[in-house]
Structures are given as C-alpha cells and as structure tokens.
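Each remark here refers to the structure printed beneath this line.
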Amino acid sequence: SQVKAAEAQADHAKWKRVEAFSGQMPVIALGSSFLTQKKYLVTDVTFPGAQAPTSFPQIIPTTMWSANAQLPLFDGFASTARLMAANRFLESAEQNLEWQRFQVQREVILQFFKAIAAEELKKVAAQNQRTLEDHLKEVKLSKNVGLATHYDILRVEVQASEARSEVLNAEDNVHMARMKLSEIIGRDVDSNPGSMPAPAGTIPVLSPSQVKDLTGVRGSARKDLQSLETRVEGLERTTSAARRHFFPKISLFGQYQYYNNLNDDPTDYQVFRRAWSAGLSLNWVLFDGFASTARSREAASELAEASAMLNSRKAKAKTDGEFWRRKVAYFATLHEARTSDVTKAEESVRLAKVGQKEGTRTSTDLLDAESELFRARAGAINALTGCVESVVNLELATGKELFPFF
C-alpha cells in the first residue's frame, strides 16, 4: 500500500507539471450564442435643424459564433518558476517512490527472517519440552528405586511446566510473524495458521570480520532525504513564483466572430458576416484584498517547514547510522559467542550424561546442563535475528544495500 500511494503521488506530480506547463501555452476557446429575446440599446442623435433627436437602435447579432485565442507573453516569469517547481516536485515524487520500494523490500526481508527465527525458536522450545518430559520420567523411575528425591521431581516438573508455556508462546510468535509478513507483502489471509505457509530458508550469518568495514557508511544515498531536498528546491521556486504577483501580465490575443445581425434565422448563413480583432492586452492587478500576499507568505512558510524537517531528518539519519552500525558489530560478535556457547553446552550435556551413568553426576547436574543448552540455542537464534535486524535498519539509515541476503 505504501508503494501504491507513492505511485499515485508520482502520477499526481506528472499532471501537476502538465498544469504548470499550460501557463506558457496559448488558450483557445470556441463559443456560440443565440438570443431568444432581446431589446436593443438606443442611441439618440440630434441632426442639424431638427428639434427632436432621432433614436437609432444598437443592433446586436442574434446568432454568433466566436473563436478566441490568447498567448501569454510576460508575467514576471512566474509561470517559468512554477514550471521549474513542478519539475522538482515530480523528481521528488519519483525519488520518494524509489525509497518506498527500497523500504518495503527491506521490511519484507527483515520480517521474512523474523518468521524463520520464530520457527527455529519454536523447534528449540519443543525440543526442550521433550527433553524435560523425558527427564521427568527418568527422575520418577529413579525415585521409585531410591536414587532420586521428591525435591528432584518437583524441580523437573516446574521446568517442564515452563517449557510447555514456552512452546505455546513460540507458537504464537510463529503465527504473528507469518501474519505480519503476509501483511507487508499485501497478501490477504485470515487468522487461521494453516492458511499461511511457513517460510523456507535459513538466516544468513555475518561474522565480525564481515562487518568491520562499516565505519565509512553514511546516509548520502537515502532517497527519502534526496526527495525532501528536491522538494525544498521546488518550494523555493514556488515561493519565487508567488512573490511575482505584483508584475503586470502581458498577452497577445486574437478574436474571430461569425455573426448574423440582419435577421433571427440561425441557419441563414448567406447573411452571416465576419469580424476579427487582434492585439496586446495588459492586466495589472494593484490590489486583490491581500490574497496574493497571503499565498506568497503561505509558500514561504511551507518552505521554512520543509527546510527544518530536512535538517532534522539529516541529523537523525546520521545518529541512526552510527547507532545501527554499532549494533551490527555487537550482534555479530554476540552470535559468534553464543554459537561457541552452544558447542560448549552440548559437550556439557554429554559429559553430564556420561557422569550420571558412572555415578559421578546427579540428575540435577544433567538438568542444569540441559537448561543451559536450551538457553544457549535460543540466545544464538536471538543474536542472529538481532544482527539481521540491525543490518536492515542500517541499510534503511544509509539507503544502501550492504549485504546480499538472497
């Protein structure tokens, strides 16, 4: 919907440019009139020696066809400024359209990987639940033979209950992530989880060495900032055009008339006559109730507002770029550490199982090792998701595609 709205704005700007260009084009109009009732104006003329004036009616054509043309020659270059402004507005709309497409593309990528991450977290949570339920069965059997206590059973039951809750939460996250992805791509889906297919793929992994060269990335390529800069330039020209209202307007005009003032028959073309005129016209508005002054001040205020917004967004883009650049480096390092933690936690679980069989480790030790493994796996996935999210936000802050996700 954002892209469609931007496309509509670009199309609107195209026609606004045509409208601005029309200020330098001739205006041609055709007209016709037929009088059904009339009473002639009378002009009194007193002839020499006459005691009373003689009245002559002013003959008005009953039927008339006319063609009028007008070509503007000079308006203080206001129409030229409006045309230049329209060109800038069109360029601004096209840049905004390009930005909206880039932004939606980045949002789709981010939500796609979030949906994959939600699926992975669901698998980890389900695996943890199965492990704890199996562990609970083993503890209960161990208690029956005197190798475990009621305390051990209660502890495992609590963690198993938390694992079941975590699975439910993971399923909800999967469902909402799919719905959000469908919403962004414009797919109409209902709330049934089965109507939304699971995204297929893996989350890309970025090592700290891959993100070490991001210090020089800046937001100079952001099309939204370029669009706003171009719009400010267009508003400058609009303000210039509005300030030229005090200039006189000079036009070249021409008129052609084909009329019948001899009878009232509109089809008697044998008695029709022709008349034409051409010349220059000057129109100089000296006072219009301050309407032109108000429009000039409105344009200046809009220019000041857009300029302030541009400066604010530039400053925010600089801050966002530095913030997300640091976040990318942080999450890339964090994921590398969490991946190492998973390997260590898996080895810890293996050693705990071996030690339990040999009698050197208790069920509590195994339970703690399995809990650490679950947290390590979930932490690795969350760190990887945070890295992808930071990269996408950094791309949005700089306007550049930094890593090929596909």
Side-chain angles (χ1 to χ4, degrees), residues 1-7 96-127 166-208 210-211 214 217 219 221-224 320-321 323-336 338-339 342 377-406:
S1 59
Q2 296 177 356
V3 175
K4 291 182 178 179
E7 289 176 347
N96 180 64
L97 174 59
E98 188 174 350
W99 168 255
Q100 291 297 332
R101 287 173 175 168
F102 176 79
Q103 187 177 33
V104 170
Q105 182 188 44
R106 297 296 102 185
E107 291 176 355
V108 170
I109 289 175
L110 175 58
Q111 192 58 41
F112 175 78
F113 288 128
K114 280 187 174 182
I116 293 178
E119 292 283 349
E120 295 296 325
L121 288 174
K122 176 185 173 182
K123 294 178 182 179
V124 172
Q127 183 179 0
E166 189 65 29
V167 169
L168 294 177
N169 182 58
E171 290 176 349
D172 291 340
N173 291 337
V174 168
H175 177 61
M176 295 308 300
R178 292 184 187 179
M179 287 196 66
K180 182 65 175 178
L181 179 60
S182 300
E183 176 187 349
I184 294 176
I185 64 178
R187 177 179 296 177
D188 188 14
V189 296
D190 53 32
S191 59
N192 182 14
S195 64
M196 294 171 287
T202 57
I203 305 177
V205 178
L206 297 177
S207 63
Q210 290 179 283
V211 300
L214 297 177
V217 177
R222 285 184 54 165
K223 290 298 181 179
D224 62 328
D320 290 347
F323 175 80
W324 290 114
R325 183 187 66 80
R326 293 178 178 274
K327 283 296 183 181
V328 170
Y330 164 75
F331 279 112
T333 304
L334 180 63
H335 176 258
E336 190 175 56
R338 290 291 182 266
T339 303
V342 171
R377 287 173 175 171
I381 296 174
N382 289 327
L384 189 56
T385 306
C387 185
V388 173
E389 183 175 5
S390 299
V391 168
V392 171
N393 285 316
L394 179 61
E395 290 180 333
L396 291 175
T398 60
K400 300 177 182 177
E401 184 177 347
L402 302 176
F403 299 100
F405 285 107
F406 297 105

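For the single chain, residues carry numbers from 1 onward in sequence order.
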Min side-chain heavy-atom separation [X]-[Y] under 4.5 Å:
{"X": "Ile116", "Y": "Glu119", "result": "no"}
{"X": "Asn393", "Y": "Asp320", "result": "no"}
{"X": "Lys123", "Y": "Gln127", "result": "no"}
{"X": "Tyr330", "Y": "Arg326", "result": "no"}
{"X": "Glu401", "Y": "Arg106", "result": "yes"}
{"X": "Leu121", "Y": "Asn382", "result": "yes"}

Counterpart residues, ring-ring contact (aromatic ring centres under 6.0 Å, His included), relative to Trp99 (two or more places apart):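 In terms of ring-ring contact (aromatic ring centres under 6.0 Å, His included), with neighbours along the sequence ignored, Trp99 is linked to Phe102.
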[X]: what forms a side chain to side chain donor-acceptor pair (under 3.5 Å) with it, not counting sequence neighbours?
{"X": "Gln105", "result": "none"}
{"X": "Glu166", "result": "none"}
{"X": "Asn96", "result": "Gln9"}
{"X": "Lys122", "result": "none"}

Identify the heavy atoms of [X] and [Y] that sit nearest to each other, and give their distance.
{"X": "Ala397", "Y": "Arg222", "result": "O-CD, 2.8 Å"}
{"X": "Arg377", "Y": "Val124", "result": "CB-CG1, 4.0 Å"}
{"X": "Ala118", "Y": "Val174", "result": "O-CG2, 3.2 Å"}
{"X": "Leu97", "Y": "Val3", "result": "CD1-O, 3.7 Å"}
{"X": "Ala117", "Y": "Thr385", "result": "CB-OG1, 3.1 Å"}

Stepwise, does the salt bridge (Lys or Arg N to Asp or Glu O under 4.0 Å) test hold for Lys180 with Glu107? CA-CA 10 Å; Lys180 182 65 175 178; Glu107 291 176 355; over 6 Å; no
So, taking the atom named [atom1] in [X] and the one named [atom2] in [Y], what distance separates them when rounded to the nearest 0.5 Å?
{"X": "Leu396", "Y": "Leu110", "atom1": "CG", "atom2": "CG", "value": "8.5 Å"}
{"X": "Glu120", "Y": "Leu384", "atom1": "CD", "atom2": "CG", "value": "9.5 Å"}
{"X": "His335", "Y": "Ile203", "atom1": "NE2", "atom2": "CD1", "value": "8.0 Å"}
{"X": "Gln111", "Y": "Leu181", "atom1": "CD", "atom2": "CG", "value": "6.0 Å"}

Picking from Val392, Thr398, Val391, what satisfies side chain to side chain contact (heavy atoms under 4.5 Å, CB included) with Leu394? Thr398
Looking at residues at least two apart in the chain, or sitting in another chain, which of them share a salt bridge (Lys or Arg N to Asp or Glu O under 4.0 Å) with Lys114?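 Lys114: salt bridge (Lys or Arg N to Asp or Glu O under 4.0 Å) contacts with Glu389.
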